[in-house]
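Naming: A, B, ... by sequence-line order, numbering from 1 per chain. Just so it is clear, the values below take in all heavy atoms, side chains as well, and ignore hydrogens, waters and symmetry mates.
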Amino acid sequence: MAKPKKGKKVNIDAHGTILIPVPKSIPNREHLQRLNYLYQLSTFQTMEIQQDKANSLARMYAKNLDLIQKKTKCGLTPGLKRTMCKKCHRTLIPTKTVKHRIVNNSRRGCKSNDILMAECVCGAVKRFPVGRNPSYETYCERDGNLHLLSAGRER
Amino acid sequence: MNSLKQTQRASAQRKQVYKPILDNPYTDEAHLWPRVSDPALVAELTRRHVIAPLAHARSMALAPPLDVQVGFNQVVEYLETAPAGTRALLFACTRDGAPAVLFAQLPVLARVSACEVTLVQLPRGSNAVLGDCCEGHDGLLLVVENAKLDGQFAARLRECAGEQNAAPWLKFAESRLGVLATSVPLTKKAAAKTGAANAGEKASGKC
């Protein structure tokens with residue numbers, strides 16, 4: 001860590017965390033843009049190309065996305081990751097590649113045991129316990145954590 | 001003698017960092033739920049033409065006067081199997097603390113469905129109102145547009161509900177890049193330096 005400059009005040013919050021202002025540019029912007037392009041290609045292929053039942057090309061794009069994301073250590077929001085199958089790398093589009101249902105296997109049918117199941121055509125299932133805490137938000141969705149930088153600012 | 005606040009400042013344990021992150025290009029508000037131009041009017045129209053008749057029929061133990069699908073499973077099943085050419089109004093209480101993952105699927109489903117669906121976001125507090133006319137609704141109510149539903153009401157609602165982008169995947173969307181604020185632990189050495197710097201500032205009266 002760089003040594004703090006003399007006379008420069010270091011902001012520390014009540015939890016003992018040194019606060020730093022939000023950066024004005026994004027490192028590795030090219031990698032993120034490449035990932036974005038691959039994701040949109042994959043979605044387009046899944047939506048529009050009806051002949052390819054196995055979604056081969058779309059899956060290849062999504063797999064590349066996954067590999068590049070891991071290699072470059074770029075982050076993806078949970079909202080994006082939820083639209084991709086971890087097993088077959090399909091983009092999850094309702095009626096085309098995924099089926100959503102709320103199931104409740106509890107004996108009393110208690111609302112708090114509701115589980116949203118997203119079943120991909122490959123058989124992989126994502127389970128979201130939506131009944132347990134309906135107001136649950138991921139870390140990204142909570143206020144003040146994610147700072148989206150517009151196109152003008154990021155250049 | 002140091003105050004508690006001074007002690008906390010002197011013992012910085014973590015440092016804030018910002019990690020670059022890519023958001024879903026299709027979760028933009030323009031791409032998801034269309035913005036309602038007049039929420040009060042939409043709420044009133046819905047209450048008068050949909051909720052009140054259904055609540056009345058329920059209280060009298062009669063069959064519902066409209067063709068409705070209630071709850072997530074029924075709505076999704078209908079949209080998946082709906083015949084082409086039909087029209088429907090999908091009311092959703094997205095602002096009543098409902099799980100975001102539940103509602104994130106519906107705009108895409110409405111687009112790929114064979115029937116023409118108008119998405120209508122209800123204002124905050126509508127979840128309890130929907131509870132008056134149906135049980136187990138999950139904040140979702142789909143009304144099929146047929147002879148049982150007032151045509152003028154449907155047309156007016158469609159005007160207020162706003163237009164949905166038909167196929168956002170046909171046009172390249174700009175990447176939604178951002179930074180995620182998180183923190184990393186400081187090494188003991190760095191923490192000591194920060195503490196010393198703060199203590200020095202305090203002593204010289206700069207803070």
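- A 6.0 Å sphere centred on NZ of A:Lys126 holds more than 12 heavy atoms belonging to other residues, nucleotides or ligands.
- At least one donor-acceptor pair closer than 3.5 Å links the side chain of A:Gln40 to the backbone N or O of B:Ala173.
- For B:Ala181 against A:Gly144, the heavy-atom pair with the smallest separation is CB-O, 4.4 Å.
- In this structure, B:Gln16 and A:Thr17 approach most closely via the heavy-atom pair N-CG2, 3.8 Å.
- What you find for A:Ile18 and B:Leu186 is that their closest heavy atoms are CD1-CD1, 3.5 Å.
- For chain B, the option among A:Leu19, A:Ile102, A:Leu146 with the highest count of heavy-atom pairs below 4.5 Å is A:Ile102.
- Rounded to the nearest 0.5 angstrom, A:Asp13 CG and B:Arg14 CZ are separated by 11.0 Å.
- The environment of B:Arg124 atom CZ is sparse: at most 12 non-hydrogen atoms of other residues, nucleotides or ligands sit within 6.0 angstrom.
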Report the C-alpha separation of B:Leu102 and A:Phe128 in whole Å, then their side-chain angles, then the decisive distance to 0.1 Å, and conclude whether the side-chain contact (heavy atoms from CB on, under 4.5 Å) test is met.
CA-CA 9 Å; B:Leu102 203 65; A:Phe128 303 98; over 6 Å; no

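- Classification of B:Glu135 and A:Lys111 as a salt-bridged pair fails, no side-chain N sitting under 4.0 Å from a carboxylate O.
- The aromatic rings of A:His100 and B:Phe72 stand perpendicular to each other, their planes meeting at an angle above 60°, with 30° marking the opposite boundary.
- Contact annotation: the side chain of B:Pro20 approaches that of A:Leu32 to within less than 4.5 Å [non-hydrogen atoms, C-beta and beyond].
- For A:Arg34, the CZ atom is loosely surrounded, since the number of other residues' heavy atoms within 6.0 Å does not exceed 12.
- Residue A:Lys63 qualifies as open at atom NZ: its count of foreign heavy atoms under 6.0 Å is 12 or below.
- Two residues are said to be in side-chain contact when any heavy atoms from C-beta on lie closer than 4.5 Å; A:Cys140 and B:Ile21 meet this criterion.
- For B:Ala104, no part sits under 4.5 Å from any heavy atom of chain A, backbone or side chain.
- The shortest heavy-atom contact between B:Val101 and A:Leu116 is O-CD2, 3.9 Å.
- No side-chain heavy atom of B:Lys19 sits under 4.5 Å from any side-chain heavy atom of A:Lys73.
- The most heavy-atom pairs under 4.5 Å with chain B, out of A:Arg101, A:Glu137, A:Lys81, come from A:Arg101.
- Contact tally against chain A (heavy-atom pairs below 4.5 Å) for B:Asp138, B:Thr81, B:Leu106: the top residue is B:Asp138.
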Go through the steps for B:Trp169 and A:Thr46 under the test side-chain contact (heavy atoms from CB on, under 4.5 Å), then give the verdict.
CA-CA 10 Å; B:Trp169 50 87; A:Thr46 312; over 6 Å; no

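- Closest approach of A:Val130 to B:Pro99, counting heavy atoms only: CB-CG, 3.8 Å.
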Evaluate side-chain contact (heavy atoms from CB on, under 4.5 Å) for A:Met47 paired with B:Leu170, printing each intermediate quantity in order.
CA-CA 9 Å; A:Met47 286 286 192; B:Leu170 291 180; over 6 Å; no

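- With respect to chain B, the highest number of heavy-atom pairs below 4.5 Å among A:Thr138, A:Leu76, A:Leu35 belongs to A:Leu76.
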Carefully, step by step, assess A:Asn145 and B:Leu180 under the rule side-chain contact (heavy atoms from CB on, under 4.5 Å).
CA-CA 6 Å; A:Asn145 289 339; B:Leu180 185 67; 4.2 Å; yes

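- The two residues A:Tyr139 and B:Thr182 have their closest heavy-atom pair at OH-CA, 3.9 Å.
- Residue-environment remark: CZ (A:Arg107) stays at or below the threshold of 12 foreign heavy atoms within 6.0 Å.
- No more than 12 heavy-atom neighbours from other residues, nucleotides or ligands sit within 6.0 angstrom of NE2 on B:His56.
- At least one donor-acceptor pair under 3.5 Å links the side chain of B:Tyr18 to the backbone N or O of A:Ile20.
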